[in-house]
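Here is how names work: the chains are called A, B, and so on, in the same order as the sequence lines, proteins then strands, and each is numbered from 1. These numbers were taken from a predicted model, which means no experiment stands behind them.
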Amino acid sequence: MDIDARIQRRQRRDEGPVLIQDYETLSPVAHIDEPSNRGPVFERLLDHLDPVFDGSLPPNAYVYGPAGGGKSAVVTALFSHLDQFSAEQRSVIHTSTRVKSPSSPSFVYLDLRETQTGFEFYHDVLDALADESIPDHGISTERLRERLQTELDNSEVGVVIAVDHVDEPNTTDVADLVDLFAGLPSNTSWLAIGRAEPQEIVLSEYTARSIHVDSYQSQMLVDVVMTRASEGLSQQALRHDLAREIADWADGNAYDALAALFIAADRANQAGRTQVTEREIQTACEEIPQPSVSLGRILSLPPNKQLVLRELVDLDEQQRRSVTVTTEAISDAPTVDLTSGTVKRFLYEMAEIGIVERVQGDSRGKGRPPSRIELRFPPTAFRRLYDLKKES
DNA sequence: GATCCACGGGAATACACGGATG
DNA sequence: CATCCGTGTATTCCCGTGGATC
């Protein structure tokens with residue numbers, strides 16, 4: 001945090017409540033413990049997972065639906081509760097000889113955005129399952145897999161592994177994922193989560209069941225926005241009609257809606273206001289490209305790539321006129337100590353996976369015409385989230 | 001000594017244009 | 001006119017190296 005911000009915060013202390021109470025809960029990347037209004041989805045997932053309560057594994061399944069429909073939110077919440085539940089149950093069995101209730105499997109949630117190699121895949125599953133901590137160097141991928149295998153062979157029921165963000169660019173591709181699962185014993189059941197229709201994805205050949213999660217209905221989305229606002233903002237900071245405006249614009253996509261709320265609140269906060277106004281909501285919505293990539297994807301990029309993006313969002317139009325010029329501007333920044341070659345390659349790679357986009361630029365001059373870099377994500381939101389993460 | 005992976009660095013390839021050539 | 005070729009950029013591709021960690 002810079003000194004001006006510190007001073008401003010002190011100054012505001014006597015002027016009544018600050019608008020943003022808690023950036024963490026307001027963040028569009030955060031999943032809350034009890035997602036609102038997704039009761040039916042929970043029920044359908046529980047139907048699928050029902051065998052678990054008799055001590056057996058459900059078949060493999062595929063959960064799919066449009067972006068911002070709450071798939072990740074529901075599955076993360078459900079899995080953390082279920083894992084807690086079955087851990088408790090296991091400990092009951094250990095301590096009591098009288099009760100002979102069936103044991104439960106473990107539940108592991110993996111985000112493929114953060115688990116991009118086979119090594120990380122086995123590592124994270126094993127880490128979730130084993131009590132001791134697992135080294136992340138000096139051990140081969142194959143050895144990890146073997147350890148995981150013995151761990152599972154000793155497990156009574158097995159494990160249900162949720163793999164989120166399947167088939168997104170820059171994640172393990174579907175064929176590799178199938179191979180990774182093939183390396184595990186049969187007491188593993190997986191729950192893949194993605195956007196593609198089951199017919200469009202090879203993965204569904206391996207899943208017994210598909211579960212559809214639709215986008216939010218308008219009124220539900222208004223509630224989601226209001227709930228988030230009441231948790232992260234001061235009292236009365238967001239009028240109900242403005243929440244509706246956000247929901248209407250977002251058209252069922254909770255992720256977009258929460259991003260818009262975050263940006264609007266941040267702008268209002270910077271301006272020293274304690275209420276979000278319509279004007280800020282409009283600017284916020286305009287700032288979110290359609291379609292836009294999830295900030296979650298961006299924030300799980302390697303640190304130096306994020307650094308490049310952080311510099312990128314501060315460049316002016318002139319400096320974005322071609323990849324070459326942009327590269328120079330970024331690698332000249334004092335915070336960046338990468339060579340210009342690497343910065344340039346990063347920019348191309350991120351264009352490749354849709355984080356930024358290259359559009360045909362000014363074609364006058366010799367040689368192949370340059371392209372210019374455009375963002376595929378809202379800069380204000382990224383800037384704030386990045387800086388917050390840096391601070392902590 | 002083993003292992004993983006982010007970086008660096010540069011070679012290979014693609015593309016646009018204009019001028020030369022058939 | 002159609003095609004080829006040379007030059008200057010842009011873009012993609014690939015692999016070796018070294019830091020960090022066990």
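Looking at heavy atoms from C-beta onward, His123(A) lies out of side-chain contact with Leu126(A) at the 4.5 angstrom threshold. Side-chain contact check for Val166(A) versus Thr171(A): every heavy-atom pair is 4.5 Å or farther apart.
Atom P of nucleotide dA12(B) and atom OH of Tyr348(A) are separated by 19 Å, given to the nearest angstrom. Atom CZ of Arg143(A) and atom P of dT3(B) are 9 Å apart (whole Å). One can place CG of Leu126(A) at 16 Å from C1' of dC4(B), the figure rounded to the nearest angstrom. Atom CD1 of Ile134(A) is separated from atom P of dT3(B) by 17 Å (rounded to the nearest Å). Note: NZ (Lys344(A)) to C1' (dA11(B)) measures 15 Å, nearest angstrom. Taking atom CZ of Arg368(A) as the reference point, atom P of dA12(B) lies 18 Å away to the nearest angstrom. Computed from coordinates, the Lys305(A) NZ to dC5(B) C1' distance equals 12 Å when rounded to whole Å.
Using a 4.0 Å heavy-atom distance criterion, Phe119(A) is classed as a sugar-phosphate-only contact. Residue contacts shown for Thr324(A) are limited to sugar-phosphate atoms, with no base heavy atom under 4.0 Å away. Residue Arg358(A) is classed as a sugar-phosphate contact, given heavy-atom separations below 4.0 Å to backbone atoms only. Nucleic acid contact for Pro302(A): none, since no nucleic acid atom lies under 4.0 Å from a heavy atom of the residue. Using a 4.0 Å heavy-atom distance criterion, Thr342(A) is classed as a base contact.
Closest-nucleotide positions on DNA chain C for Val323(A) and Glu349(A) were compared, and the one nearer the 5' end corresponds to Val323(A). Annotation: of the two residues near DNA chain C, Ser371(A) and Asp136(A), the 5′-most nearest-nucleotide partner is Ser371(A).
Between the side chain of Glu120(A) and the backbone N or O of Gln116(A) there is at least one donor-acceptor pair closer than 3.5 Å.
When the nucleotides dA14(B), dG9(B), dC4(B) are ranked by their closest atom to the side chain of Arg345(A), dG9(B) comes out on top.
Taking 4.0 Å as the cut-off between side-chain N and carboxylate O, Arg239(A) and Glu245(A) do not count as a salt-bridged pair. No salt bridge links Glu328(A) with Lys344(A); every basic N to acidic carboxylate O contact stays at or beyond 4.0 Å.
Nucleotides of DNA chain C lying under 4.0 Å from heavy atoms of chain A occupy a range whose first and last members, 5' to 3', are dG8(C) to dC22(C).
A cation-pi contact links Arg38(A) to Tyr216(A), judged by a cut-off of 6.0 Å to the six-membered ring centre and 45° from its axis.
Partners of Glu352(A) by salt bridge (Lys or Arg N to Asp or Glu O under 4.0 Å), not counting sequence neighbours: none found.
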